[in-house]
Amino acid sequence: MPTIDQQIAQEEARIKSTLGNFSSIITNAQKSTKESHNYKILTIQFDECRLVAYVLEHLLNCKTAWLPIEKVHWWSSFSYDGVYCSIAHQKFGFNLYISGGLNKNDADKLAKKLIAELETIVATLSKVTTLYAKKAVKVGNIILHNKMQSLEDRYVYYRDASFVELDTKAELDSIMGENDGEVVELGVHDEKDDKDLDKKVVETMERLAVYRRKSSVHLYNQEVAIIYFLSLVEHICLLLYAFNHDGGSVVDLAMKGWGEKFEKVIGTADKDIEEGYLYLRKVALYKRNPITHGFLTPKMTEASFYFKPARQRTPINLFDGELLGEYGYEVDLAKLDKLLADIRKSPKFHNAMRYIGNSEFDISYDTGSMAEFELVNKMTEGDLVEYLDAVSWRYNNAANMDW
């Protein structure tokens, strides 16, 4: 069985064998014409642009400039069917340039052929990117997308919704007439009494139907709130692991049960946290999403790895999740809120929770990033605020196509 590196080499060799129309060799005569024909490449998706750079730079050794300067991210030059061409990823699009040595009609035909071939090549790259992804996962070198705020928002939404629909026993007593002081004496009523009684029975049944519906909605909202809370706790454990890393793989940690994650990363040395954790364990006996892994649905299983040859983050799907069925265990959601608050205020996790509380800050499990996370743990409040502002600026600047 070939190793992953051997499989990658085999797949890249196969792809390279299909690139006969492309060449990295460009003569001075080809470059002598400064004027060029410009074409917008609209059919290749934005997130696939760098896969073209991977093909040109990594597989063909074409000269590629990773600038990043104003309005240009990268620019690669090559020869196609003996004609000097270049492709640039720029602020306002993905552009193909063909030497002005061709007339307009010939350049249009060449552009159509070249773009169609690029589309075919890009469509065949999933196998090699999957192999690179497997290699990244094997060593735990992944980027975990920070979903803390999203999960907490959903938990809070269903928690609050369960409070809105919750009716008290006093209302049920009122519906059943236990507190209205009415006493019906048998044999002492006339036809009018019968009609009034029938009307009251109908009204009572209607009120009971509404009460049952509200109670069911309350339980449903509470169930969903618990599922989201368990997912939130597991996700927090995975994010916090980067700030107290012991050399293990975050992928291995993600495969563990939620309790193992909690005890390994957060622990129970803090008495308040221990109290909340023990209560959550009781809750989890009744209300449990069996495959959360810190995420709720396939949509929440968002992670990526750094596809170095293309210099881009590429998404990978690690886990799936499912909702569990009905159950009727009543939960004190205030205790879960307290557990989350106790984790936030704990000196051990205060700085890290402040960091991951900003959902634009993803967590990278590489040596340099984790060393930086260790320093975050030791920062004073003033240093932390300044640091978070700097990281926010860095993220926003990276998202700016002007660089």
Side-chain angles (χ1 to χ4, degrees), residues 143-166 218-244 250 253-254 257-259 261-267 270 272-277 279-281 283-284 287-303 318-319 321-324 331-363 373 376 384-385 388 391-392 395:
I143 301 168
L144 204 61
H145 295 198
N146 187 342
K147 293 293 178 182
M148 177 179 166
Q149 194 60 60
S150 174
L151 286 169
E152 185 174 2
D153 287 346
R154 294 170 191 227
Y155 159 67
V156 169
Y157 174 85
Y158 284 101
R159 178 202 67 189
D160 293 349
S162 74
F163 294 155
V164 170
E165 294 292 346
L166 178 62
H218 160 68
L219 287 175
Y220 170 80
N221 287 330
Q222 188 183 83
E223 290 168 5
V224 178
I226 297 306
I227 290 170
Y228 271 118
F229 189 84
L230 286 165
S231 294
L232 172 62
V233 167
E234 291 200 66
H235 191 56
I236 287 174
C237 288
L238 293 175
L239 297 176
L240 287 177
Y241 186 49
F243 296 84
N244 191 23
V250 66
L253 177 64
W258 79 269
K261 291 187 182 78
F262 195 102
E263 291 176 3
K264 180 179 179 64
V265 178
I266 296 177
D270 184 299
D272 289 332
I273 290 178
E274 180 185 31
E275 181 181 347
Y277 170 64
Y279 181 74
L280 186 59
R281 285 186 57 142
V283 171
K287 298 190 174 231
R288 178 69 176 119
N289 178 9
I291 314 176
T292 53
H293 289 299
F295 308 95
L296 186 68
T297 66
K299 186 178 180 181
M300 299 302 292
T301 63
E302 294 188 8
L318 293 177
F319 314 109
E322 61 183 274
L323 298 174
L324 94 158
V331 176
D332 185 352
L333 297 175
K335 291 186 177 181
L336 304 188
D337 290 337
K338 184 176 182 300
L339 172 60
L340 194 57
D342 289 337
I343 295 173
R344 278 198 168 103
K345 73 181 183 182
S346 167
K348 182 178 179 181
F349 303 111
H350 175 266
N351 287 8
M353 288 294 286
R354 285 279 298 280
Y355 185 96
I356 66 176
N358 190 324
S359 288
E360 70 177 1
F361 298 171
D362 291 334
I363 295 296
F373 296 147
V376 171
L384 178 65
V385 171
L388 293 177
V391 175
S392 182
Y395 267 79

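Counting begins at 1 with the first residue of the sequence.
- Counting only heavy atoms from C-beta outward, the side chains of Val233 and Leu336 never approach each other to under 4.5 Å.
- Considering only heavy atoms from C-beta on, Met353 comes within 4.5 Å of Ile236 through its side chain.
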Begin with the C-alpha distance, continue with both residues' side-chain angles, and end with the deciding distance and a verdict on side-chain contact (heavy atoms from CB on, under 4.5 Å) for Leu240 and Ile266. CA-CA 8 Å; Leu240 287 177; Ile266 296 177; 4.0 Å; yes
Working for side-chain contact (heavy atoms from CB on, under 4.5 Å), residues Phe262 and Ile343: CA-CA 11 Å; Phe262 195 102; Ile343 295 173; 4.2 Å; yes
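- Between Val250 and the options Ile363, Leu238, Ile143, a side chain to side chain contact (heavy atoms under 4.5 Å, CB included) holds for only Leu238.
- When every heavy atom of Leu253 is checked against every heavy atom of Cys237, the shortest pair comes out as CD2-O, 4.4 Å.
- The shortest side-chain heavy-atom distance between Tyr277 and Asp342 does not fall under the 4.5 Å cut-off.
- Screening Glu263, Glu274, Glu275 against Arg281 for a salt bridge (charged side-chain N to carboxylate O under 4.0 Å, His left out) leaves a single residue, Glu263.
- In this structure, His235 contributes its side chain and Lys147 its backbone to a donor-acceptor pair below 3.5 Å.
- The side-chain heavy atoms of Asp272 and Lys338, taken from C-beta on, include a pair separated by under 4.5 Å.
- Between the Lys261 side chain and the Ala254 main chain, a donor and an acceptor come within less than 3.5 Å of each other.
- Rounding to the nearest 0.5 angstrom, the gap separating the CG atom in Leu384 from the CZ atom in Arg354 is 5.0 Å.
- Relative ring orientation between Phe373 and Phe243 is described as tilted, the plane-to-plane angle lying within the 30° to 60° band.
- Asn146 contributes a side-chain N or O that, together with a main-chain N or O of Phe361, makes up a donor-acceptor pair within less than 3.5 Å.
- Side-chain atoms of Val265 and Asn244, non-hydrogen and from C-beta on, never get closer than 4.5 Å to each other.
- Looking only at side-chain heavy atoms (C-beta outward), Val283 and Leu230 stay at 4.5 Å or farther from each other.
- Paired with Tyr155 under the rule side chain to side chain contact (heavy atoms under 4.5 Å, CB included), one option of Ile226, Val224, Asp337 passes, and it is Asp337.
- Classification of the Tyr228-Tyr158 ring pair by plane angle, with boundaries at 30° and 60°, yields parallel.
- Smallest separation of non-hydrogen atoms from Val391 and Tyr355: CG1-OH, 4.1 Å.
- Listed for the Tyr279 side chain is a donor-acceptor partner under 3.5 Å among the backbone atoms of Asp332.
- Ring to ring, Trp258 and Phe229 are not that close: their centroids are 6.0 angstrom or more apart.
- Ser346 approaches Ile273 most closely through the heavy-atom pair CB-CD1, 4.1 Å.
- Side-chain contact check for Val385 versus Leu388: every heavy-atom pair is 4.5 Å or farther apart.
- Side-chain atoms of Asp362 do not come within 3.5 Å of backbone N or O of His145 as any donor-acceptor pair.
- Taking a cutoff of 4.0 Å between a charged side-chain nitrogen and a carboxylate oxygen, Glu152 and Arg159 do not qualify as a salt bridge.
- Across every non-hydrogen atom of Gln222 and Ser162, the tightest pair is N-CB, 3.9 Å.
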